[in-house]
Amino acid sequence: MATLTAEGLNTGFLPTWCPGCGDFGIWKSLQGAFAKLGIGPDDGLVVYGVGCHGNMYDWMRMYGFPGLHGRTLPVAQGAKLANHTLPVVAVSGDGDCLGEGGNHFIHAAKRNPDITVIIHDNQVYGLTTGQASPTAKAGFKTKSTPDGATDEPVNPLALALVSGATFVARGFSGDFVGLTDLMAQAISHKGFSVLDVLQPCVTFDKIHTYQWYRQRLYKVADEGYQPTDKFKALEKALEWGDKIPVGVLYKEDKPTSEDREPALASAPLVTSPVQSAHWDDLLKEFI
Amino acid sequence: MMKSVTWKIAGEAGFGIMSSGIMLARAFTRAGYHVFADNDYPSLIRGGHNVVGVRIATSPFFGMNRDLHVLVALNAESVEKHTNELHEGSLVIFDPKDKDWQQGEVPQGVRLIPVPLRDIIASLNADAVMRNTITLGATVALFGAPFEHLSTVIHDQFIRKGQEVVDQNEKIAKAGYDYIHEHFPNETSLTLDAGTHTEKLAVVNGSEAVGLGAVRAGLKFAAIYPMTPINAIISFLADHAKEFQIVYKQPEDEIAGINMALGASVAGVRSMVATSGGGFALMVEGLSLAGMIEAPLVIDLGMRAGPATGMPTYTEQAELLFAIHAGHGEFQRIVLAPSDATEAFDLTVQAFHLADRYQVPVFVLTDKYLNESQWCIPVSYLQKPVTIDRGKLVTGDTGKADGEFLRYDPSPADGVSPRSIPGTKHGQYYANSYEHDGSGHMTDDAVKRKEMVDKRMRKVAAMAADMIPPSYVGDKDADITFVTWGTTRGPVTSAVELLQAQGKKAAVIYFPWIYPFPTDAAKTLFAKAKRLVDIEQNGTAQLAQLIRMETGIDIAEKIVKYDGRPFFPEEIVERVGENKT
């Protein structure tokens, strides 16, 4: 059997992203993480939302569910409950996950399903040609905010932390090695893993460039930061400006959504037979 | 001696009115009678005016009629509210402490049965909320039945709470039973003929019937956001999830619900959602997704009086065209509409097979009247063996080379392609919301688009093999032929019997499978009819609209009702008489 490589997860379809798009780094890192973890094309499920990020499936050879805008997490949770031995990753965007799917994000976090969500966070709606996304920072000028965004941005990491996510991390699409490692950690973590990936939109955002991020990003691990304290994690999550932290901010072991389902104790639903042994007992309740 | 009696208990919410109906119904099914119970209540938890009606008969019947024999009034208001339903020979059980009703204050010939409910409760050191139990005992006595009919049900109802609770309830019920024998020994006008059926009957509400059908069909995953009138299916599935290895998940909203169910379906298990109109409105986006990715899914849509929040606890059949037309873009679906709990069970089982066989969403279109009424079904019927048919689901290695498996192979004549699930070796594909090619890759190529739409549309012709034709019941050369669907079938069938008793020839055509519309079979039946009368519980005669759209036949004569209350058979007979020129 051929060894699984990141290249083995290519489809032969060529990406349609803009040259230099931050999505390339996320795609390559995810392939790298799957290869590192030995997850082949038939072994996992990736659920995609709608947005530039969502086009990734066409060049990702892995069972895929490119669903509706905003609905990645409910699909991912349903699939995971149906087969909890299946690695399930949701590839989502800032608009997809925090705008259209904001409520799903909060509720996924509180349930702690063993799935990973990768948020492509670039502050804009790229596929609709450049409107402000929920993470757009105040003052950011876009097609929908010509005078600059006025609302407070959603902070995906802080929201994940207070909602109950058990693995919360931030990565950068310009750091292939670091991002691949973060993705592997996120997928390996048993519980709801949120990985917010900062990425430049080279077409609709001339401010937050690779250069802009590189000048500001620092790795929390380099400071000896331990991702075990939720309040410290929240402080890190709220840090934004001249210094922007990346790395694992929080990690906690807790029973997952699937652990708490008695029906899943012996086998995944997908292989558990139709139970008819208790049928007559059940009918007695109605007589 | 009576062959059929109708009993009502009325009072404020929170006084065990709903459970009284179920207990009385079970007591008499165990004794060999056929029963039916419905309810009428406002959307609140305490207070308000709640009513449960139970009809008990020696032979099978199709629902309630207007003939009220016993009214149990747990407060004075309940007598006032139901005075117009009382007639000569009706009995009213009441506590004189609420109001000491006298002849002259109720219609002539109504017989008053004062029972000192509060005094009995006080003498037994019981709680005032248990007054209903006294009246159950009194009722069994008035129907001339042995107390054991009731006591076995009390035992089974309360044994989980301990023998002490059973004993206390039995004592209270017995006090009511004895009170009637002691104080009204000559009140035998409502003595029932002996119950005649010998097979065991289960008493279930419509939601439970759908739940039973789902479990029997191998349901593994359900995501259901609470909403009247389908809440009973949530309790049913949650209570039995462990023994049947099912996951019931309460989603954050109906949008999440349908997407979770689709995730589970694509991952390989039978899955369903249940909701009412407002929740279904939120699911419409996901319904369209189901159509595009060809994921099997069962949707229990329990209609209630709308629009918007409407009258949440009242019944209506106003979402037929919504269910048929819901969704952006064109895609295939099946809509089944059970008329009673037996059909709800049966059609739910069928719905799961059809969803897998044709890889489409399948509706079980129910309503409040079906979901929250208590119906009886022969236990043997529920024990019929069910063979699970997963259609073209591929299990195990597909044997194809990498990238060669065509989940959306456009070539099959029936439009249904083989389906792998994540984890299937050499089965990798994309369940793609975008238009896609055979392997699920996105395409907007004109030729491929047409090929894929054609493939999906071919399913409709293939479905003819499974289509359930409309049913025709009644006189062959009927002068009046009713056309209806769903639960309106019950009162219409009773109306046909009433008309026949008047010497008229009548029949009913109803549609358990309503979409894709069984056009040819319907046309054949309509062609033979002398006078067609469309009858349904909505304001715009939606079935008649559908029939006109699908057959070109305009049923000019219509009887519609949209006050939230189901039809009475007598009302149908009156209205069809008014229509007749």
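Reminder, nothing fancy here: chain letters follow the sequence lines and each chain counts from 1.
For Y430(B) and H436(B), the ring centers are positioned 6.0 Å apart or more.
Only the side chain of E208(B) comes within contact range of chain A, with at least one heavy atom under 4.5 Å from a heavy atom of that chain. Looking at L212(B), the atoms closer than 4.5 Å to chain A (heavy atoms on both sides) sit in the backbone and in the side chain alike. When heavy atoms are compared at a cutoff of 4.5 Å, H240(B) approaches chain A solely by way of its side chain, counted from C-beta outward. For A256(B), the parts sitting under 4.5 Å from any heavy atom of chain A are the backbone and the side chain alike. Only the side chain of R111(A) comes within contact range of chain B, with heavy atoms under 4.5 Å apart. In this structure, chain A has heavy atoms under 4.5 Å from both the backbone and the side chain of V203(B). Both the backbone and the side chain of K425(B) come within less than 4.5 Å of a heavy atom in chain A. Both the backbone and the side chain of I421(B) come within less than 4.5 Å of a heavy atom in chain A. Within the 4.5 angstrom heavy-atom criterion, no atom of Y48(A) approaches chain B. Looking at L382(B), the atoms closer than 4.5 Å to chain A (heavy atoms on both sides) sit in the backbone and in the side chain alike. For F405(B), no part sits under 4.5 Å from any heavy atom of chain A, backbone or side chain. At a 4.5 Å heavy-atom cutoff, the contact between D253(B) and chain A is made by side-chain atoms alone. Heavy-atom distances place no part of R270(B) under 4.5 Å from chain A, backbone and side chain included. Neither the backbone nor the side chain of Q157(B) has a heavy atom closer than 4.5 Å to any heavy atom of chain A. For a residue to count as touching a neighbouring chain, one of its non-hydrogen atoms must lie under 4.5 Å from one of that chain's; by this rule T424(B) touches chain A with backbone and side chain alike. For a residue to count as touching a neighbouring chain, one of its non-hydrogen atoms must lie under 4.5 Å from one of that chain's; by this rule L264(A) touches chain B with the side chain only. Using a 4.5 Å cut-off between heavy atoms, V215(B) contacts chain A through both its backbone and its side chain.
Counted within 6.0 Å of NZ on K28(A), heavy atoms from surrounding residues, nucleotides or ligands total more than 12; the atom is thus considered enclosed. At most 12 heavy atoms of other shown residues, nucleotides or ligands fall within 6.0 angstrom of atom NZ in K242(B). A 6.0 Å sphere centred on CZ of R160(B) holds no more than 12 heavy atoms belonging to other residues, nucleotides or ligands. Atom CZ of F244(B) sits in a crowded spot, with more than 12 heavy atoms from other residues, nucleotides or ligands closer than 6.0 Å.
Note on ring orientation: taking the six-membered ring where Trp is involved, the planes of H120(A) and H53(A) are tilted (angle from 30° to 60°). By the 30° and 60° cut-offs, the orientation of the rings of F167(A) relative to H189(A) is tilted. Under the 30°/60° scheme for interplanar angles, the aromatic rings of W59(A) and W17(A) are found to stand perpendicular.
Of the listed residues I22(B), I255(B), I377(B), the one with more heavy-atom pairs under 4.5 angstrom with chain A than any other is I255(B). The choice from D281(A), L81(A), V88(A) that makes the most heavy-atom pairs within less than 4.5 Å of chain B is L81(A). Counting heavy-atom pairs closer than 4.5 Å to chain B, the top residue among D43(A), D58(A), L45(A) is D58(A). For the set H441(B), H426(B), K220(B), the count of heavy-atom pairs under 4.5 angstrom toward chain A peaks at H441(B). Most heavy-atom pairs under 4.5 Å with chain B, from the set L68(A), L283(A), V274(A), N83(A): that is L68(A). Each of T29(B), V153(B), D402(B) has some count of heavy-atom pairs under 4.5 Å with chain A, and the biggest count is that of D402(B). Looking only at heavy-atom pairs under 4.5 Å with chain A, the residue among A202(B), A241(B), P422(B), S433(B) that has the most is P422(B). Per-residue heavy-atom pair counts under 4.5 Å with chain A were compared for M442(B), Q383(B), R30(B), E285(B), and the maximum is reached by E285(B). Considering only heavy-atom pairs separated by less than 4.5 Å from chain B, the leading option among L86(A), T11(A), L282(A) is L282(A). In terms of heavy-atom pairs under 4.5 Å with chain B, the best-connected choice from L269(A), D280(A), V50(A), T271(A) is L269(A).
A salt bridge does not link E258(A) to K190(A): none of the charged side-chain nitrogens sits closer than 4.0 Å to a carboxylate oxygen. Residues K249(B) and E261(A) are paired through a salt bridge, judged by an N-O separation under 4.0 Å between the basic side chain and the carboxylate. A salt bridge is defined here as a Lys NZ or Arg NE, NH1 or NH2 lying under 4.0 Å from an Asp or Glu carboxylate O, and R26(B) with D156(B) fails to meet this definition.
Within the model, atoms SG of C52(A) and CG of D96(A) stand 11.5 Å from one another, a figure rounded to the nearest 0.5 Å. Between the CH2 atom in W375(B) and the CG atom in L201(B) there is a gap of 14.5 Å [rounded to 0.5 Å]. Note that CD1 of I258(B) and OG of S271(B) are 9.0 Å apart. Values are rounded to the nearest 0.5 Å.
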Starting from the C-alpha separation in whole Å, work towards a yes-or-no answer on side chain to side chain donor-acceptor pair (under 3.5 Å) for S439(B) and D437(B).
CA-CA 6 Å; S439(B) 61; D437(B) 64 13; 3.1 Å; yes
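Judged purely by atom type and a 3.5 angstrom limit, T116(A) uses its side chain to pair as donor or acceptor with the backbone of A186(A).
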